[in-house]
Amino acid sequence: MSDPRDGADVIAPLLGGDATAERVGPKAATLAKLHEAGLPIPEGFCLTADAYRAQIVSAGVEDAAGRVGRADSHEARRLALQVRLGLFRAPLASLVTDPLGAAFERLTTEPGTLVAVRSSALLEDSPTASFAGQFDTFLGVANPADLVTAVRACWASLWSTRA
């Protein structure tokens with residue numbers, strides 16, 4: 001696994017890219033496999049787990065995120081809220097900003113193109129766990145500023161009480 005501070009590749013295209021479960025989660029990886037099998041899927045891209053890790057570091061919540069799993073329930077909720085608020089408040093990590101903008105620009109060359117921002121967490125929808133409906137999805141994203149907001153909010157939803 002690469003260190004997100006080392007400038008790791010943070011975008012994986014769904015069509016013809018390296019969208020593996022280890023990089024983008026099983027939901028997105030399954031879409032890529034469907035495309036490889038000749039089935040139609042919407043064009044898109046994923047921010048990789050390295051992009052998320054870079055944001056956790058950039059937001060200054062790496063320590064809190066790492067302690068959640070070892071904390072008692074009250075402390076875990078407090079730490080999760082700290083991470084969630086950090087993800088909402090911090091600007092997008094510089095490592096992510098340019099690749100995200102470039103991928104969005106390639107995807108939205110036709111005027112009026114709208115995109116969706118949704119999760120594909122590494123442990124989401126695995127053989128041992130289902131997270132259906134737990135993470136936020138944003139539809140109708142039309143511009144780069146709204147994309148950044150939706151990405152940050154989607155990542156923050158991983159730390160919600162219901163998730």
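- Atom CD of E36 and atom CG of L14 lie 10.5 Å apart (nearest 0.5 Å).
- Atoms CZ and SG, from R118 and C46 in turn, are 10.5 Å apart once rounded to the nearest 0.5 Å.
- Salt-bridge check for D50 with R23: failed, with every basic side-chain N at 4.0 Å or more from each acidic carboxylate O.
- Between the side chain of S119 and the backbone N or O of L158, no donor-acceptor pair lies under 3.5 Å.
- A side-chain donor-acceptor contact under 3.5 Å links R152 to the backbone of A90.
- For the pair Y52 and V96, the minimum side-chain heavy-atom distance is 4.5 Å or more.
- A distance of 10.0 Å separates CG in L114 from OG1 in T108, rounded to the nearest 0.5 Å.
- Here the side chains of L147 and V117 are in contact, with some heavy-atom distance below 4.5 Å.
- Going from atom CD of Q82 over to atom CG of L87 covers 11.0 Å, rounded to the nearest 0.5 Å.
- A donor-acceptor pair under 3.5 Å links the side-chain atoms of Q55 to the main chain of P91, judged by distance alone.
- The closest donor-acceptor contact from the side chain of R84 to the backbone of A156 lies under 3.5 Å.
- At a threshold of 4.5 Å between side-chain heavy atoms, the hydrophobic network of Ile, Leu, Val, Met, Phe, Trp and Tyr places L31 and F138 in two separate groups.
- Residues A65 and I56 come closest through the heavy atom pair CB-CG2, 4.3 Å.
- With hydrogens and angles disregarded, a donor-acceptor distance shorter than 3.5 Å links the side chain of T97 to the backbone of A93.
- Within the 4.5 Å cutoff, the side chain of P144 has no heavy atoms near those of the E105 side chain.
- A donor-acceptor pair is defined here as one N or O able to donate and one able to accept, closer than 3.5 Å; such a pair exists between the side chain of S157 and the backbone of D136.
- Using a 4.5 Å cut-off on side-chain heavy atoms (C-beta onward), I11 and L47 make contact.
- In this structure the side chain of L15 reaches within 4.5 angstrom of the side chain of I41, judged on heavy atoms.
- Cluster annotation: V115 and V151 are assigned to the same hydrophobic cluster (Ile/Leu/Val/Met/Phe/Trp/Tyr, side-chain heavy-atom contacts under 4.5 Å, transitive).
- Linking Ile, Leu, Val, Met, Phe, Trp and Tyr residues whenever their side-chain heavy atoms come within less than 4.5 Å places V68 and F135 in a single cluster.
- The shortest non-hydrogen separation linking A32 to A19 is CB-CB, 3.9 Å.
- Contact between A51 and V10 at its shortest, heavy atoms only, is CB-CB, 3.6 Å.
- Looking only at distances, a side-chain donor or acceptor of T30 sits under 3.5 Å from a matching main-chain atom of P26.
- Using a 4.5 Å heavy-atom cutoff, the side chains of F45 and L107 are in contact.
- L92 and L100 get closest at one heavy-atom pair: CD2-CD2, 3.6 Å.
- Residues R67 and E75 are paired through a salt bridge, judged by an N-O separation under 4.0 Å between the basic side chain and the carboxylate.
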